[in-house]
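One-based numbering, in listed order, for ligands and for the atoms of each. Quick caveat, the model's predicted, so the values are computed rather than measured.
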Amino acid sequence: MSEVDQLLSKKVADRYLKREILGEGTYGVVYKATDTKTGQIVAIKKIRLGKYKEGVNFTALREIKVLKELKDPNIIELIDAFPHKGNLHLVFEFMESDLEAVIRDRNIFLSPADIKSYLQMTLKGLASCHKKWVLHRDMKPNNLLIGVDGQLKLADFGLARIFGSPDRKFTHQVFARWYRAPELLFGTKQYGSGVDVWAAACIFAELLLRRPFVQGSSDIDQLGKIFAAFGTPKPSQWPDMVYLPDYVEYQFVPAPPLRSLFPMASDDTLDLLSKMFTYDPKSRISVQQALEHRYFSSVPAPTKPALLPRPPPKGDSLNSRPSDLNPREAPIVLSPPRKSRRVMLQREGFEVNQVGKVDDHVNEVRQATGENTSRSEHMPMSIDLSLFGSRPPPRPTINR
Ligand SMILES: Nc1ncnc2c1ncn2[C@@H]1O[C@H](COP(=O)(O)OP(=O)(O)OP(=O)(O)O)[C@@H](O)[C@H]1O
């Protein structure tokens with residue numbers, strides 16, 4: 001760091017020299033900084049405490065507690081945590097890039113061995129969480145950070161929470177929609193490590209396709225697109241489904257062959273994918289079982305992290321998404337037999353009738369209606385905005 005840089009930088013807590021802003025997330029700004037004690041480059045997540053009147057940010061405290069308990073080569077290390085000028089500062093090891101940048105970089109070719117390596121590191125990090133009864137709950141490619149040594153590490157445990165108590169109720173709207181498991185989309189209040197497995201499967205699919213796999217514009221649309229990809233689940237396939245709080249019946253569509261979605265994938269790849277994308281969370285493969293799947297022991301061996309292709313460090317690339325137009329039709333929502341809620345598809349679009357309170361689902365259908373007004377065609381699986389000369393929309397999160 002030059003003298004000028006040092007003068008421009010602000011010293012925090014007499015130890016960290018703040019440099020540029022790396023980005024802003026749900027909880028606040030993230031800075032690059034130098035630890036003057038060790039010379040190490042770090043990332044400081046500054047969490048605003050001010051807006052919490054009582055002065056305690058439980059989410060932040062939860063993140064600290066969870067992170068302290070998780071020490072693993074595939075989990076980001078929390079180096080320090082301290083309050084400063086009314087903000088809570090979390091100091092993490094600095095990571096050069098993330099998996100989203102890898103996937104989006106058109107100059108990077110990902111071989112089957114590279115994909116295997118990224119998936120293996122993701123699952124190893126998750127296995128370590130699950131062994132300690134911790135769910136990540138916000139798995140998505142930009143939360144999988146990549147270090148200078150090529151190691152992938154799970155980050156952003158802001159929403160993670162210790163589970164184990166059988167009647168613990170979780171807020172279900174925690175996942176970025178495209179990575180959300182079907183049980184979450186149907187409003188389950190009790191869920192387990194299967195939600196992380198589903199998200200990891202979405203990331204696996206994204207590594208293979210080089211675009212987000214299922215890009216729903218609402219929870220209803222997300223489920224429709226999942227069902228278009230894997231077939232509408234029959235109650236015999238997932239017995240608990242019909243009892244889920246937000247269950248609505250979807251028009252039945254059969255499953256297309258998995259190979260038609262991933263034409264270049266090996267048989268082992270398809271087998272593992274189908275086990276991770278199992279509808280019934282009780283039958284879905286666990287992270288540990290996935291790591292023991294023959295996909296990882298068969299050739300090619302996973303690429304060593306140091307040899308993995310790297311995107312330019314953060315901020316250097318103006319990435320654009322690859323073309324991903326896929327006109328697959330999603331099944332439509334039918335009336336759920338148990339409830340007095342009716343969701344009907346009309347010629348001009350959806351008409352929604354519900355006896356009683358208007359709920360989120362209805363609002364979502366209305367949202368869908370707005371997007372599909374006076375048309376009878378269905379939404380494509382994913383939309384390539386580059387066709388219109390614009391950048392793709394930001395990935396949805398619960399806060400944006
Ligand atoms: N340890 C780190 N090293 C380098 N950059 C980091 C580190 N942690 C976070 N960042 C970067 O800081 C920015 C904000 O990250 P943050 O985790 O707060 O939110 P996010 O992942 O972008 O979004 P969300 O909060 O919705 O998950 C991102 O660009 C992220 O890549």
For ligand 1, which atoms have a heavy atom of Asn142 less than 4.0 angstrom away?
21 (O), 22 (O)

Residue list, side chain to side chain donor-acceptor pair (under 3.5 Å) with Lys304, at least two apart or on another chain:
none

Is the distance between the ring centroids of Phe213 and Trp178 under 6.0 Å?
no

Row check, Phe94 ring normal vs Lys32 NZ/CZ: under 6.0 Å, within 45°
yes

Can you tell if the side chain of Leu90 reaches within under 4.5 Å of the side chain of Ile44, non-hydrogen atoms only?
no

Find all atoms of ligand 1 within a distance of less than 4.0 Å from any non-hydrogen atom belonging to Ile76, and give their numbers and elements.
1 (N)

Mark up the atoms of ligand 1 that fall under 4.0 Å of a heavy atom belonging to Ala43, in ascending order.
1 (N), 2 (C), 3 (N), 7 (C)

Whether Lys18 engages the ring of Tyr31 as a cation-pi pair (distance to the six-membered ring centre under 6.0 angstrom, angle to the ring normal within 45°) should be assessed.
yes

Ligand 1-proximal atoms of Lys45, by part, heavy-atom distance under 4.0 Å:
side chain

Numbered in order shown, the ligand 1 atoms found under 4.0 Å of a heavy atom of Gly23 are 13 (C), 14 (C)

Pairs of nitrogen or oxygen atoms closer than 3.5 Å, one from Leu145 and one from ligand 1: do any exist?
no

What residues, two or more places apart in sequence or in another chain, satisfy salt bridge (charged side-chain N to carboxylate O under 4.0 Å, His left out) together with Asp280?
none

Just heavy atoms, cut-off under 4.0 Å: does Leu22 contact ligand 1 by side chain, backbone, both, or neither?
both

Which atoms of ligand 1 sit under 4.0 Å from any heavy atom of Phe94?
3 (N), 4 (C)

Distance under 4.0 Å to a non-hydrogen atom of Asn143: what atoms of ligand 1 satisfy this?
21 (O), 27 (O)

If we count only N and O atoms by modelled type, under 3.5 Å, do the side chains of Asp114 and Ser111 hold a donor and an acceptor together?
yes

Lys NZ or Arg CZ of Lys234 over Phe252 ring: under 6.0 Å, within 45°:
no

Judged by non-hydrogen atoms, does Glu93 sit under 4.0 Å from ligand 1?
yes

I want to know if ligand 1 touches Lys140 in the polar sense, i.e. an N/O pair below 3.5 angstrom.
yes

